[in-house]
Amino acid sequence: MNQQPPASPLRDFALEVHFSKWEFNARHHLTASDMESLSLRDLLALGTDADREAFEATSLGYTETWGAPDLRTAIAATYDTMAQDNILTLAGAGEGLYALARVLLGPNDHAIVPTPNYQSAETVPAAICETTGVPMRIEGGKWRLDIDAIKDAIRPNTRLISLNFPHNPTGALMPRADLNALITLARADGIYILCDEVYRGVELDPNLQMPQIADVYERGISLNVLSKAYGLPGLRIGWLASPDRDVLQRVERYKHYLSICNAAPAERLGMIALAAREQIFARNRALLRRNLTAFEALLADFPGLIDFSAPEGGCVAYPRYTGPGTVETFCADLIENHGILLLPAALYRSDLGTTPDDRFRIGLGRDRAVADGITALRRYFEDHKAEFAA
């Protein structure tokens, strides 16, 4: 475990820089982090006549910074113990990661994050205070966060443990026993736990679904969004949920310097999505299973190139490239010469310690894009069969 000096500047968001070059130019986007999006027409069709009328009658003025009361009530209903006052809406989840770190952490504090991770969950705290990275490890073929390593990393000034489960990029879930042990550690020292839960709802085995941290810990802060498991990133509706309303109030004040409020039409559409969430999740889980079956069939036909374990939750996974060359040259050849976009390990490097250098992120949540991408990848493997066999 390594520390980064405090007050370091934010480095470029490597993943987004890469996406800005390739995401809309690649022929085969095979690394998307969200489920297949619905069209406006399809989402409205999931609502009632009253929902559609409310959407069409929406005023295009400012909305409440906290979010519309009925929207917050609908979000609270997705938790076991939350009420409207425990919900603060956001313009996407990234705003929550940034704003919460800014209001909760100061230069004399300390934060702990797993690695690899979604970059802003690491980079923003590390720009404010000393931050320790705790590596995710493979145990019995599954990724796991080492709770003993978290315990060893805790200091008297540790203020925040920032989690990301279902985990991006590995697709791992945290066993309930591990979560309980972590809460016990945090409670003993009054440490906040933020959990990015944006993939909750598309676990392959619903019996493994984790509880939401806001429901099980008094200093727990849940982060969620309609972008990932719901497949509705165009709405830009995210939220924080917590029993600690004081923290939410401070983030709300900080939000005045950022988005100020959500878009009124998106709030109405978000209400429809939340009401139809079980239908949306069922559709997305079926799509994910179908894509996993197709990808695993491809790997079975070309053994010895990729070591793959299916994600337990969410639509991204982090396979190990075992073919010739490096994962960086493999991914560069795919995108530059064949139009197939994957995310190589370098985009998940950490300033807080060593991360795997032989993996890539694949996204399996889209419909035709994944099917066509797997076909293109199969063609690539066929064309390079002699090279791979060498």
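Residue numbers run from 1 in the order of the sequence given.
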Colleague: Check Arg290 with Asp367, please: is the shortest side-chain N to carboxylate O separation under 4.0 Å?
Modeller: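 Salt bridge flag = yes for Arg290 with Asp367.
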
Colleague: For Asn337, what residues pass the side-chain hydrogen bond (donor to acceptor under 3.5 Å, both in side chains) criterion, not counting sequence neighbours?
Modeller: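 In terms of side-chain hydrogen bond (donor to acceptor under 3.5 Å, both in side chains), with neighbours along the sequence ignored, Asn337 is linked to Asp333.
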
Colleague: Before accepting this row, confirm whether a basic side-chain N of the pair Arg359/Asp357 lies closer than 4.0 Å to the acidic partner's carboxylate O.
Modeller: no

Colleague: Hey, is Asp351 close enough to Arg11 for a salt bridge, meaning N to O under 4.0 Å?
Modeller: yes

Colleague: Taking only Lys NZ, Arg NE, NH1 and NH2, and the carboxylate oxygens of Asp or Glu, determine whether Asp244 and Arg219 approach each other closer than 4.0 Å.
Modeller: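 No, this pair does not count.
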
Colleague: When Tyr118 is tested against each of Tyr348, Phe13, Tyr199 for ring pair (Phe, Tyr, Trp, His ring centres under 6.0 Å), which residue passes?
Modeller: Phe13

Colleague: Thinking salt bridges, do Arg144 and Asp178 make one under a 4.0 Å N-O criterion?
Modeller: yes

Colleague: Please assess His110 against Thr132 for the test side-chain hydrogen bond (donor to acceptor under 3.5 Å, both in side chains), listing each intermediate value before the final yes or no.
Modeller: CA-CA 8 Å; His110 172 247; Thr132 299; 2.7 Å; yes

Colleague: Check Glu218 with Arg187, please: is the shortest side-chain N to carboxylate O separation under 4.0 Å?
Modeller: yes

Colleague: Among Gln209, Glu312, Glu203, whose side-chain contact (heavy atoms from CB on, under 4.5 Å) with Pro166 holds?
Modeller: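 Passing option: Glu203.
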
Colleague: For Asp109 and Asn157, which I'm curious about, is there any donor-acceptor pair between the side chains at under 3.5 Å?
Modeller: no

Colleague: Is Leu40 linked to Met35 within one hydrophobic cluster, defined over Ile, Leu, Val, Met, Phe, Trp and Tyr using a side-chain heavy-atom separation of less than 4.5 Å?
Modeller: no

Colleague: Is it true that Lys151 and Asp146 have a side-chain N and a carboxylate O under 4.0 angstrom from each other?
Modeller: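 No, this pair does not count.
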
Colleague: Would you please classify the geometry between the Phe19 ring and the His29 ring as parallel, tilted or perpendicular, with 30° and 60° separating the classes?
Modeller: perpendicular

Colleague: Can you give each donor-acceptor pair under 3.5 Å made by side-chain atoms of residues 91-101, sequence neighbours left out, with the distance rounded to 0.1 Å?
Modeller:
unit_1, atom_1, unit_2, atom_2, d
Glu95, OE1, Ala91, N, 2.8
Glu95, OE1, Ser259, OG, 3.1
Glu95, OE2, Ser259, N, 3.1
Glu95, OE2, Ser259, OG, 2.7
Tyr98, OH, Arg102, NE, 3.4

